[in-house]
Chemist: 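Handing you a structure now.
Numbering starts at 1 and runs along the sequence shown.
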Amino acid sequence: MIRGRTVAAAVFGAMTLLGCLAPAAHAAQCGSSSAGFEAWKREFSAEAQGKGVGQTALSALMQTNYASATIAADRGQRSFSLTLDQFLAKRGATTIVAKGRQLKQSQAALFTSIQQRYGVPPGPLIAIWGMETGFGSQRGNQNMLSSIATLAYDCRRPEFFTEQLYAALKLIDRGTLSGATRGSMHGEVGQTQFMPKNILAYGTGNLEVAANALNSTANFLKAHGWRAGAGYQPGEPNFAAIEAWNAAGVYQKAIALMGRQIDEGGGTAASR
């Protein structure tokens, strides 16, 4: 009986200790409005410093602002619920394919080099480039770090964007990015719109430069199982790599379709 009481007391003490430690381990609490953002930044900054994030990145983090436009965009991604034909029309697929065929010819040496290195043909790379930024013409004008910090604070998907935020801070400490880097609504940067974790893992140079961004995109696809010479339409071996690039089914099918039309040089953007 005494031994049982001793064990019970020890267990209770351990649970009490864990209860005391838990708030400190998760000090930065998510929120659903701008009201708690400044307090969250201070708490997150302390956690990040404890994990080795440097002063350059911490200073940049403390200068971020709550990105209301990013939250609005994150809540309103309606295009991914369209049918494939509607999505192709909305995203200007006919223009992407036509311009893509021209780029395949005018930059043939670049795409040959990429295919030799990574096994990825021009079509899907050009389709991604056109879909993401209109071949570099629309790379976004949001503060990258503010967008990602806001989404890390927001309660909708904090785990995913907290990882992206730590990656962004690491890139700032390295000098690859800065607190002034501009990007799209969710913090994507460069010609083909890379998130920070993917920059760390697959980036090859300055992603504002088209050749670097296309090499990086091919590097990503190869790392996700792309096999040279295999097909990339739905049901074919390389479609899984396209699925890894973007989770939306309609986007995946659009890239596969446009890529095929660019590679084959025939058909219309809406035909299947």
Chemist: For the pair Tyr153 (side chain) and Ser34 (backbone), establish whether a donor and an acceptor sit closer than 3.5 Å, ignoring hydrogens and angles.
Modeler: no
Chemist: May I ask you to decide whether Arg75 forms a salt bridge with Asp154, counting only side-chain N to carboxylate O separations under 4.0 Å?
Modeler: yes
Chemist: For the residue pair Tyr66 and Phe37, does the interplanar ring angle fall in the parallel (under 30°), tilted (30 to 60°) or perpendicular (over 60°) class?
Modeler: perpendicular
Chemist: Under the side chain to side chain contact (heavy atoms under 4.5 Å, CB included) test against Thr217, which residue among Asn198, Thr204, Thr192, Ile114 passes?
Modeler: Thr192
Chemist: The criterion is ring pair (Phe, Tyr, Trp, His ring centres under 6.0 Å); which residues satisfy it with Phe194, sequence neighbours excluded?
Modeler: Trp245
Chemist: What do you reckon, is NZ of Lys170 surrounded by more than 12 foreign heavy atoms closer than 6.0 Å?
Modeler: no
Chemist: What is the minimum heavy-atom distance between Ile172 and Gly179, and which atoms define it?
Modeler: CD1-N, 4.1 Å
Chemist: Begin with the C-alpha distance, continue with both residues' side-chain angles, and end with the deciding distance and a verdict on side chain to side chain contact (heavy atoms under 4.5 Å, CB included) for Leu165 and Leu145.
Modeler: CA-CA 8 Å; Leu165 180 55; Leu145 192 59; 3.7 Å; yes
Chemist: Treating Arg101 as the side-chain partner and Gln261 as the backbone partner, does any N or O pair qualify as donor plus acceptor under 3.5 Å?
Modeler: yes
Chemist: If we ignore hydrogens and angles and just use 3.5 Å, is the side chain of Gln252 paired with the main-chain N or O of Asn246 as donor and acceptor?
Modeler: yes
Chemist: Other residues, nucleotides and ligands only: do more than 12 of their heavy atoms fall within 6.0 Å of CZ on Arg182?
Modeler: yes
Chemist: Could you tell me which residues satisfy ring pair (Phe, Tyr, Trp, His ring centres under 6.0 Å) with Phe44, sequence neighbours excluded, listed by chain and number?
Modeler: Trp40, Tyr166
Chemist: Using side-chain heavy atoms (C-beta onward) and a distance below 4.5 Å, is Trp226 in contact with Pro124?
Modeler: yes
Chemist: Under a 3.5 Å distance rule, please check whether Tyr232 uses its side chain to pair with a backbone N or O of Gly259 as donor and acceptor.
Modeler: yes
Chemist: Would you kindly say whether Gln142 and Ser146 are connected by a side-chain donor-acceptor distance under 3.5 Å?
Modeler: no
Chemist: Would you find a donor on one side and an acceptor on the other, under 3.5 Å apart, between the side chain of Thr83 and the backbone of Gln86?
Modeler: yes
Chemist: Between the side chains of Thr70 and Thr150, does any donor sit under 3.5 Å from an acceptor?
Modeler: no
Chemist: Between Gln116 and Ser113, is there a side-chain donor-acceptor contact under 3.5 Å, judged purely by atom types and distance?
Modeler: no
Chemist: Do Leu207 and Leu110 belong to the same hydrophobic cluster, where Ile, Leu, Val, Met, Phe, Trp and Tyr are linked whenever their side-chain heavy atoms lie under 4.5 Å apart, directly or via other members?
Modeler: yes
Chemist: Find out whether Leu151 and Met185 are in side-chain contact, i.e. whether some heavy atom of one side chain is under 4.5 Å from a heavy atom of the other.
Modeler: no
